Protein chains: 2
Amino acid sequence: MQIAPPDFDRMFGALADPTRRDIVRRAVDSEEGVAELASHYPMSFAAVQKHIAILERAGLVTKERIGRRKIVRTNPEGLRVVRRLLDRYEELWRGRIDRMTTLVADPPDRKETDQ
Amino acid sequence: MQIAPPDFDRMFGALADPTRRDIVRRAVDSEEGVAELASHYPMSFAAVQKHIAILERAGLVTKERIGRRKIVRTNPEGLRVVRRLLDRYEELWRGRIDRMTTLVADPPDRKETDQ
DNA sequence: GCTCCATACAACCATATGGTTGTACAAATG
DNA sequence: CATTTGTACAACCATATGGTTGTATGGAGC
């Protein structure tokens, strides 16, 4: 079996909705089924179900069948994948700063005429 | 003047597109104007311009007028705001683990009948 | 097996999104 | 001042998204 590469479009897209972020937050440490989760929001059961499906396809939550319910749980690894991308951007930023600092401290080809 | 509260819908929404993420990546350490950025992508200038406007409204890039160009730069503070939200979720997760561990190590009200 | 409860999914609708082309504005250059 | 270059924005179109209601499936309890 192949491990799926992270789908950042789906991941960020899933997080770009307040209801879905709230589901992620709740499902971190709750053991609620779809219906119980749905009861927190002012929309139909089916709407919440769709939100959960979107989070699931993005790899941000998992569902486990227990009896006739399906427990929704936040997938911490999914969150970490997203975070790591942002870390990479910040690393690029640090790299830029470092290069600028190096340039100032140790100019490779400086002439007197340089500003 | 009031500092705007972070708009996570816009932020995650902005990052949910490969072109926009690539613009963020490039603009971390480039000094390109809108047209120069646009030249990297197989779409019209106006389309890229819209992408940049979306990133700008989300607080993920800034534009600085230089001559007749506008330099697009990634805003590292915007990225950090997003990252911090993910950090908070991970903290919740750690909290859950801690509580579970505590429960096992030091059950507050244990009876022999407990599983 | 029938019924109830939790979940899933299809069909539909309004609006948002991502692309296009065309036009207008702003600053450097002749 | 006219031209060129870079940016902004409006109008338009196709498709995606977020919501609805209705129907179907699957497991627990009688």
Side-chain angles (χ1 to χ4, degrees), chain A residues 6-27 30-75 78 82, chain B residues 6-27 30-75 78 82:
Chain A
D7 183 334
F8 290 113
D9 285 24
R10 286 210 175 112
M11 289 180 153
F12 283 113
L15 290 169
D17 178 285
T19 303
R20 291 197 290 260
R21 286 194 303 276
D22 196 67
I23 291 172
V24 166
R25 190 188 55 74
R26 281 181 188 279
S30 77
E31 298 275 317
E32 297 184 293
V34 180
E36 289 151 311
L37 273 172
S39 72
H40 301 300
Y41 307 102
M43 66 186 74
S44 69
F45 171 81
V48 175
Q49 197 173 248
K50 275 203 205 174
H51 282 306
I52 293 171
I54 287 168
L55 287 166
E56 193 179 18
R57 281 201 313 160
L60 294 172
V61 307
T62 58
K63 283 190 275 194
E64 185 197 351
R65 164 132 256 155
I66 295 203
R68 54 184 150 186
R69 297 184 315 148
K70 281 202 174 171
I71 306 301
V72 178
R73 291 202 183 82
T74 297
N75 176 11
V82 177
Chain B
D7 183 335
F8 290 113
D9 285 24
R10 285 212 175 109
M11 288 179 153
F12 283 114
L15 290 168
D17 178 283
T19 302
R20 290 197 290 259
R21 286 194 303 276
D22 196 67
I23 291 172
V24 166
R25 190 188 54 74
R26 281 181 187 279
S30 77
E31 299 274 316
E32 295 184 295
V34 181
E36 288 151 311
L37 273 171
S39 73
H40 302 299
Y41 308 102
M43 66 187 73
S44 69
F45 171 80
V48 175
Q49 197 173 251
K50 276 204 205 173
H51 282 306
I52 293 171
I54 287 168
L55 288 166
E56 193 180 17
R57 281 200 313 161
L60 294 172
V61 307
T62 59
K63 284 190 274 194
E64 186 197 352
R65 165 132 255 155
I66 295 204
R68 55 184 150 188
R69 297 186 315 152
K70 280 203 175 172
I71 305 302
V72 178
R73 291 201 184 83
T74 298
N75 176 11
V82 177

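Hydrogens, waters and symmetry mates play no part in the numbers below; they use all other heavy atoms, side chains included. Note on naming: letters A, B, ... go to the chains in the order of the sequence lines (proteins, then strands), and numbering restarts at 1 for each one. Bear in mind that the values here come from a model prediction, so they are computed numbers and not experimental data.
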Between [N] atom [atom2] and [X] atom [atom1], what is the distance in whole Å?
{"X": "Asp9(B)", "N": "dT17(C)", "atom1": "CG", "atom2": "C1'", "result": "14 Å"}
{"X": "Lys70(B)", "N": "dA26(C)", "atom1": "NZ", "atom2": "C1'", "result": "10 Å"}
{"X": "Arg10(A)", "N": "dT17(C)", "atom1": "CZ", "atom2": "C1'", "result": "17 Å"}
{"X": "Leu55(B)", "N": "dG18(C)", "atom1": "CG", "atom2": "C1'", "result": "13 Å"}
{"X": "Ile23(A)", "N": "dG18(D)", "atom1": "CD1", "atom2": "C1'", "result": "13 Å"}
{"X": "Ile52(B)", "N": "dG6(D)", "atom1": "CD1", "atom2": "P", "result": "14 Å"}
{"X": "Lys63(A)", "N": "dA6(C)", "atom1": "NZ", "atom2": "C1'", "result": "11 Å"}
{"X": "Glu32(B)", "N": "dT7(D)", "atom1": "CD", "atom2": "C1'", "result": "15 Å"}

Check your understanding: Do the side chain of Arg21(A) and the main chain of Leu15(A) share a donor and acceptor less than 3.5 angstrom apart?
Key -> yes
Study note, to complete from the structure: Residues of residues 33-51 of chain A with a heavy atom under 4.0 Å from any atom of DNA chain D, listed by number, are Met43(A), Ser44(A), Ala46(A), Ala47(A), Lys50(A), His51(A)
Looking only at heavy atoms, what is the nearest atom pair of [X] and [Y], with distance?
{"X": "Phe45(B)", "Y": "Ala38(B)", "result": "CD1-CB, 4.0 Å"}
{"X": "Ala58(B)", "Y": "Arg10(B)", "result": "CB-O, 3.6 Å"}
{"X": "Glu32(A)", "Y": "Leu37(A)", "result": "OE1-CD2, 3.5 Å"}

Review point. So do the side chains of Val72(B) and Glu36(B) get within less than 4.5 Å of each other, counting heavy atoms only?
Key: no
Point to revise | Validation row: Ile23(B), Val48(B) side chains within 4.5 angstrom (heavy atoms) | key: yes
Exercise for review: Drop me the distance from His40(B)'s NE2 to Thr19(B)'s OG1, to the nearest 0.5 angstrom.
Suggested key: 12.5 Å
Revision key, fill the gap. CD (Glu56(B)) and NZ (Lys70(B)) are apart, to the nearest 0.5 Å, by 7.0 Å
Review point. Under the side-chain contact (heavy atoms from CB on, under 4.5 Å) criterion, do Arg20(A) and Leu60(A) qualify, and how do the steps go?
Key: CA-CA 10 Å; Arg20(A) 291 197 290 260; Leu60(A) 294 172; over 6 Å; no
Look for any protein N or O under 3.5 Å of an N or O in nucleotides 25-27 of chain D and output each such pair with its distance, or none.
| residue | atom | partner | partner atom | Å |
| --- | --- | --- | --- | --- |
| dG27(D) | N2 | Arg68(A) | NH1 | 3.0 |

